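The next block holds one structure in the form of structure tokens; read it before the comments.
Keep in mind that this is a model prediction, so the values were computed, not measured. Naming convention: chains lettered A, B, ... in sequence-line order (proteins, then strands); numbering from 1 in each chain.
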There are 2 protein chains.
Amino acid sequence: MTAEAKTAHPASPPLTERQEARRRRILHASAQLASRGGFDAVQMREVAESSQVALGTLYRYFPSKVHLLVATMQDQLQHMHATVRKRPPSSDLPSERVAETLMRAFRALQREPHLADAMVRALTFADRSVSPEVDQVSRQTTAIILDAMELDDPTPQQLSAVRVIEHTWHSALITWLSGRASIAQVKIDIETVCRLIDLTTPDGQK
Amino acid sequence: MTAEAKTAHPASPPLTERQEARRRRILHASAQLASRGGFDAVQMREVAESSQVALGTLYRYFPSKVHLLVATMQDQLQHMHATVRKRPPSSDLPSERVAETLMRAFRALQREPHLADAMVRALTFADRSVSPEVDQVSRQTTAIILDAMELDDPTPQQLSAVRVIEHTWHSALITWLSGRASIAQVKIDIETVCRLIDLTTPDGQK
DNA sequence: GGCAACTCTGAAACTTGTTCTAGATTACCG
DNA sequence: CGGTAATCTAGAACAAGTTTCAGAGTTGCC
């Protein structure tokens, strides 16, 4: 993968400059409102007004509130990935590097818990109509984790481990966001699941 | 724990017979509608009509749609737990017994995919106001998994593993329900995460 | 420049979750 | 039994996501 770091629309018509700007305004307004009050605070009428776009136009760009928030998440994830790439995790063991990376992401989310709430709730609430977009988020997350592992050619078992790590990551976030798990607990869960990686590296420690 | 297998209301006033019957009718209608069309098909007006109860009454019994569906899930989980107790898993290894139990539950959900959709979506979409109820579901799930492990006194590490297994279970269900993962993939994910248990049993195989 | 197609706007309408109200019913207490 | 408080009912009303539509504005193209 070389330089198609953009949103990677498979076959969407190229947007004009003004359209790109609109899209950007919408995403910005969405993130802003989400930062204030989470999922519920992102109200489509307000997003439209905030981004100076008619409601119908908002729906043309993002066919539902969930689509909008998942796109917002894609946006944030890209930041995250770029950031992590600049300062890669420092531990020796792959499992520890992954845990370190996820904890770094977790701390970033803690700085904007409402935004995290909006994005994660949208992600898990998404139905089939949003599958492509959610899948894209999932691929992006996988890429970040694989980066942290620093493997050129992961085995199927390692890919399975990564899947399970993602599952745990999402679900642990939800328990944290809904107040059913502490930050410390999420940390433990992440560290626990990351040990799965050690199981799959032939020359790992016991 | 002896016989308080009921819904375990901490301090709710005892319901009269007719009230208990109403509650039951509501839960039944909810499950019925959910079985047809999933989360979206459970419409509060329809639930009310179906269970021959006024809308206001429905909301007195269950303060939101999510509360209602989470209660529905509690109900179903109890069935499940009772069923599993009757025929416990047969494998030798704890990790395999857990995987076997979860796969059995998964097959049960496959028989009613729409109902599964409604319950799981509600569970992960629940906000803080539903935390107690969601927590109850989580405890019930933990109990089922611990039962499968057949341990009298789980270590903290083992409890951590169980937490991660639950995370994976919920998240894998979501990916399946939204069509982003196949049944086979869910099976792999469950089997993968269950190997965490082997990591925590001192006399397990490598 | 001028036109055809597409896009955007503003506003109303529709849907479904949730709340509220006024009046009937029921449950409980003396 | 009679009364009173709690509960239930029917229905309107409200909130926010989504859809629709007529008209104005842009864009691409000749």
Atom CD of B:E20 to atom P of D:dT7: distance rounded to whole Å?
15 Å
Tell me which one of A:V162, A:L199, A:L159, A:L196 satisfies side chain to side chain contact (heavy atoms under 4.5 Å, CB included) with B:T192.
A:L196
Roughly how many Å is it from CZ in A:F39 to C1' in D:dA16, rounded to a whole number?
11 Å
From CZ of A:R23 over to C1' of C:dT7, roughly how many Å is that when rounded to an integer?
17 Å
What is the nucleic acid contact for A:V42, judged by heavy atoms within less than 4.0 Å: base, sugar-phosphate only, or nothing?
sugar-phosphate
Any A:Q19 side-chain nitrogen or oxygen under 4.0 Å from OP1 or OP2 of D:dT26:
no
On DNA chain D, compare the nucleotides closest to A:G56 and A:M44; which residue's is nearer the 5' end?
A:M44
Roughly, in whole Å, what's the span from NE2 in A:H67 to C1' in D:dG17?
14 Å
In whole angstrom, what separates A:L58's CG from C:dG10's C1'?
14 Å
Pick the nucleotide of DNA chain C nearest each of A:R45 and B:L55; which residue has the one closer to the 5' end?
A:R45
Could you walk me through whether B:D189 and B:T168 pass side-chain hydrogen bond (donor to acceptor under 3.5 Å, both in side chains), step by step?
CA-CA 7 Å; B:D189 291 351; B:T168 302; over 6 Å; no
Reckon A:Q52 touches a base, only the sugar-phosphate, or nothing at all at heavy-atom distances under 4.0 Å?
sugar-phosphate
Can you identify which nucleotide, out of C:dT9, C:dT7, C:dG17, has its nearest atom closest to the A:A54 side chain?
C:dT9
Provide, to the nearest angstrom, the distance between the NZ atom belonging to B:K65 and the P atom belonging to C:dT19.
15 Å
Among the nucleotides D:dG17, C:dT16, D:dT9, which one has an atom lying closest to any side-chain atom of B:Q43?
C:dT16
Give the ring-plane orientation class for A:F125 versus B:F125, where under 30° counts as parallel, over 60° as perpendicular and anything between as tilted.
parallel
What is the distance, rounded to the nearest whole Å, between atom CD of A:E17 and atom C1' of C:dT7?
17 Å
Can you work out whether B:Y59 or A:Y61 has the more 5'-proximal nearest nucleotide on DNA chain C?
A:Y61
Return no unless some side-chain N or O of A:R18 is found under 4.0 Å from OP1 or OP2 of D:dT27.
yes
Is it the case that A:R23 places NZ or CZ above or below the six-membered ring of A:Y61, under 6.0 angstrom from the centre and within 45 degrees of the axis?
no
Distance check, rounded to the nearest 0.5 Å: B:S138 atom OG versus B:H170 atom NE2?
7.0 Å
Atom-pair distance (CZ on B:R60; P on C:dT21), nearest Å:
15 Å
Below the 4.0 Å mark, does C:dA27 have OP1 or OP2 next to a side-chain nitrogen or oxygen of B:T16?
no
